[in-house]
Amino acid sequence: MSRVKAEQQQPTTGMTLIVLVGLAIAFLLFMAFLNVVKSGNLLSETNLLFAALIFYAGAGALYLGFGVTGTESYVKFASLATWLGLIANTAAVAHRWYEAGHPPFASVYEMLLSFVWTLAALTLVAEKKFGVKVIGTVTMPVAIVGVVLMQLLRTDVHPLVPALQSTWLHVHVTLAMLAYAACALSFALAMMFLIQDNMKTETFLAVTSASTLTIYASIVLTRFENWGGLSLVAWNPEQKSEVLLSKGVRLFVTIPDLGWLMTLTLLVVASPLVLYGLARWKNNDSFLTLANRAVFISILLQVMTLVMFLVRARDGRYPSLDADGLFATSLAASPFILSGLVGGVFISLLYLLLLWRRPDLERLLPNADNLDRITYKTIGLAFPLLTLMIAAGAYWANQTWGSYWSWDPKETWAAITWLVYAGYLHMRVTRGWRGRRAAYFAILGFAVVMFTFFGVTYLKPGLHAYA
Amino acid sequence: MAVNFRASARKVWQTAASIKTGVVLLILVVIFSAAGTIVLQRPNTEPDEMQNAYSPQALRILDGTGLTDVFHAWWFLTLMILVSCSIIAASVERFPNAWRYFSRPYKYPDESFRRVLYPQTSLAIADEETGLVAAERALHSLGFKPERVVREDHFGIFAERHRISEMGVYIVHASLLLIFFGAVVDGIWGWRGTLNLNEGETSSAVELRDGTTRTLPFAIRCDQAGQENYKDGSPKKWWSKLVVVKDQREVEKKEIVVNDPLVYRGVRFYQSSYGPNGKVEKFSITATPSSGSGEKREISLGVHDTVPLDADTTVRFAEFIPDYAVRDGQVYRRSNELGNPAAHLVVSSKASGKSFDVWFPPLDEIADNSKAPYQLQPADLQMGHFTGLQVSHEPGQWAVWTGVVLLGIGLAFVFYVVHMRFWAVPVRDAKTGKYTLWIGGSANRNRDAFGQRFDDLVALLEETLRTIPKTSPSEQVATVAGH
């Protein structure tokens, strides 16, 4: 009965979403237009990126809408939006290339630009070639996070320092972007597999809650200050760099109250895990229903925390414990916290996607076996690319520093990524790991990739300090 | 006892060769490498920083376990050796089978194989020969080289492509071992160090990373070095003109830049930095007689040079202090870094025997700048530069690069080259006496795409079978048409 009702409702909810997304895009385009009129330069890189962001966001929303409601016409629009976003993105890459005089691989910002481009291109390939229509549900949010991060990171064109003037650098970074995008795709496919595979959502509930808990716990444990403040790295807006007290010692500022908010979110985020534990212990499913509600509340709170963080940490001057006076900070100074917060929301939304799984969605996806096989194929693409990427990097290092392997953190983590995927391939080929376990492995692999890409750069400056 | 020993040896071997061991070792490598990126590492951290970061007890424990230098710790090396052993054991365990498979291809499918193989199909044929010829033709037109397999009591067609693909995984593992081997060779016989040369200087002493000095059997001279800048002042290019000198002869010359080293006898010289060496090359000054009569002169001099100003007076460049400090009427050299420089010139007169200390900047109390018979003004100061070279000797790197290339090839075989096999066997039904052609195929990966290929082959074969009977006796036409 309810099923029939749901199907009857579909067209209306579908229309509502299309209209909403259309309105949002129109609104954003209008705002962008005002901005363009003000700046007087239509084809500036910021505007192009903004356009890409709008289209990717629209595509993401439509893909998600398709995932939730199963209305097939969304995919066409989503695909169209992805195409438009890709075109804007291509123009931004070309603009950057022209302006800098070298391919856009020299800084985090430029690499993100290339990464997002590759990801969008691969999404379209997966959609057309493999028929995985809803792949954008997962890849588009990643692309959106990429573009948002780009807006926050420095955008000046930097001339290449001598060590970076090498063809091998371009080979190395191109391979890295291709490999990472292929990894992102395999992750998305593995998620699709899990949706299709009728897995129990409870397991995922625990994982989701545990990962968001880890994120908030690490933020609160390292950054919580006495009076409920949150300490962030101070930022010098003129030099676009961190403020150093002495060599290697960064200056921290404290934003009041944000620490309390983080702690509150930590508790709410932890609650689904506790409820899950209770459900297992008491063998009572009513706790699970509660836990699902808690996830929903935690998403709202996480979004609120993210917004508060964006508002307070974007600019403004705050006191510091280590020095007198007020100091500026910027989102660019805390990319790791920002990625953590965005990642938390992202993971929780993925869980919601699993909850909202519907029979019609399953009908529209390729069957589980096929998804499993395509995931393997994508990793079969990513793994050789990773290998060549590491090899090209080693060759370049040998040309520049006289050593092909220095165990610098980025190198080490690239090797760890390689090993994780090597493990995946071995388990799959020799032990016949298929399906769910393989999918978990693919997800783990992508998590390591993300850490190598973002985490290492900020945690430990080494030879890759400029990347 | 002997049996026991053999049994346990067998057990150890099987454990070493098992995938489980391999994966456990990989996980250990991952954990310890990750630890090496989280704990500060001695080789790339200043001692002070280590002390600031960890408490003395923690540091003692970390140092004792080798966690502050994971990648050079004995247990990490042991782990890598165990990984190598595991790769070797796993390959040795599995290779003979694979090699048999590779060197003695399975050309004639027996009945049990025919029963289980997928994909397979059977087509009606007039007689054995027609079926074989048709299969040969169809495979030919698909680009295969079919082979007729003749045994005593049966025969068939066999065709395959890319058998080498079966070896891909062994190529990959062998190349990994080759890379490890190269790295070990470099670890034992290789070395790395730095060599800083002033322009015009010759040296053969390389300062190694552990602080010792290594003398090369030849010397390196830097004729000239320089830097080019971008408009914003950041460095664009560093270059040095290097000459290899052996037994007083110049044997090799090269202008090196970053990313383009000079290689001589397996020793590589990399441009790694460039900067002022704190020494003055030329100091240009103008001298005007204090009396007011006489010409203004421009002179330039190096450190310790003496230049006559007129018949009676001379000026000597006594000293250059790159970073000075004044205390109690004395000038001290605070450091050798170029920060706060001072130049000391002495103007002396032979006739009066007097000499005057001229300082730039004009230091109060000490300097006689205004009393000297000549008023000196600084015009230009040219500093000398040094070029910083990284020197390394890596005798194992050829193994490493060969390994990398092989690794790429091996992976290409593993993932993208498919070993495809096709068999065609004419089968006579014992009851009806009619012939059918059994066709089967197998691929070692990408089976769905192979299924399509197999269907194509079957379609082509049917087509071929339809055309063959035109040249054959009429009774065969009837047989085929009957189906």
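Worth saying up front: this structure is predicted, and the values here are computed from it rather than measured. Protein chains get the first letters and strands the later ones, always in sequence-line order, with residue 1 at the start of each. Excluded from the calculations below are hydrogen atoms, water molecules and symmetry mates; all remaining heavy atoms, backbone and side chain alike, are included.
Residues of residues 437-445 of chain A lying under 4.5 angstrom from chain B, judged on non-hydrogen atoms, do not exist here. Interface with chain A: from residues 82-91 of chain B, no residue qualifies, criterion being any non-hydrogen pair under 4.5 Å.
Closest of all the heavy-atom pairs between Pro409(A) and Thr37(B) is CA-CG2, 3.7 Å. The two atoms that bring Ser33(B) and Ile416(A) nearest to each other are CB-CD1, 3.9 Å, heavy atoms only. Across Val404(B) and Ala391(A), no two heavy atoms sit closer than the pair CG1-CB, 3.3 Å.
Side-chain atoms of Asp186(B) and Trp405(A), non-hydrogen and from C-beta on, never get closer than 4.5 Å to each other.
Each of Gln390(B), Gln397(B), Glu394(B), Arg268(B) was compared with Ser403(A) under the side chain to side chain contact (heavy atoms under 4.5 Å, CB included) criterion, and only Glu394(B) meets it.
The CZ atom of Phe71(B) lies 4.0 Å from the OG1 atom of Thr412(A); values are rounded to the nearest 0.5 Å. Atoms CZ and NZ, from Phe415(B) and Lys377(A) in turn, are 13.0 Å apart once rounded to the nearest 0.5 Å. Atoms CD1 and CG, on Ile27(B) and Leu419(A) in that order, are 10.5 Å from each other to the nearest 0.5 Å.
Only the side chain of Leu425(A) comes within less than 4.5 Å of a heavy atom of chain B; its backbone N, CA, C and O stay farther away. Residue Val23(B) touches chain A through its side chain alone, counting heavy-atom pairs closer than 4.5 Å. For Leu176(B), the part sitting under 4.5 Å from any heavy atom of chain A is the side chain, from C-beta outward, and nothing else. Both the backbone and the side chain of Ala394(A) have a heavy atom closer than 4.5 Å to some heavy atom of chain B. For Val400(B), the part lying near chain A is the side chain, with the backbone staying farther off; criterion is any non-hydrogen pair under 4.5 Å. Contact annotation for Phe269(B): neither backbone nor side-chain heavy atoms come within less than 4.5 Å of a heavy atom of chain A. Of the atoms belonging to Ala412(B), not a single heavy atom falls under 4.5 Å from chain A. For Tyr376(A), the part sitting under 4.5 Å from any heavy atom of chain B is the side chain, from C-beta outward, and nothing else.
For Tyr416(B), the OH atom is densely surrounded, since the number of other residues' heavy atoms within 6.0 Å is greater than 12. The environment of Trp75(B) atom CH2 is dense: over 12 non-hydrogen atoms of other residues, nucleotides or ligands sit within 6.0 angstrom. Atom NZ of Lys128(A) has more than 12 neighbouring heavy atoms from other residues, nucleotides or ligands inside a 6.0 Å radius.
Most heavy-atom pairs under 4.5 Å with chain B, from the set Val420(A), Leu381(A), Asn398(A), Ile390(A): that is Asn398(A).
Ring centroid separation for the pair Trp407(A) and Phe76(B) comes in under the 6.0 Å cut-off.
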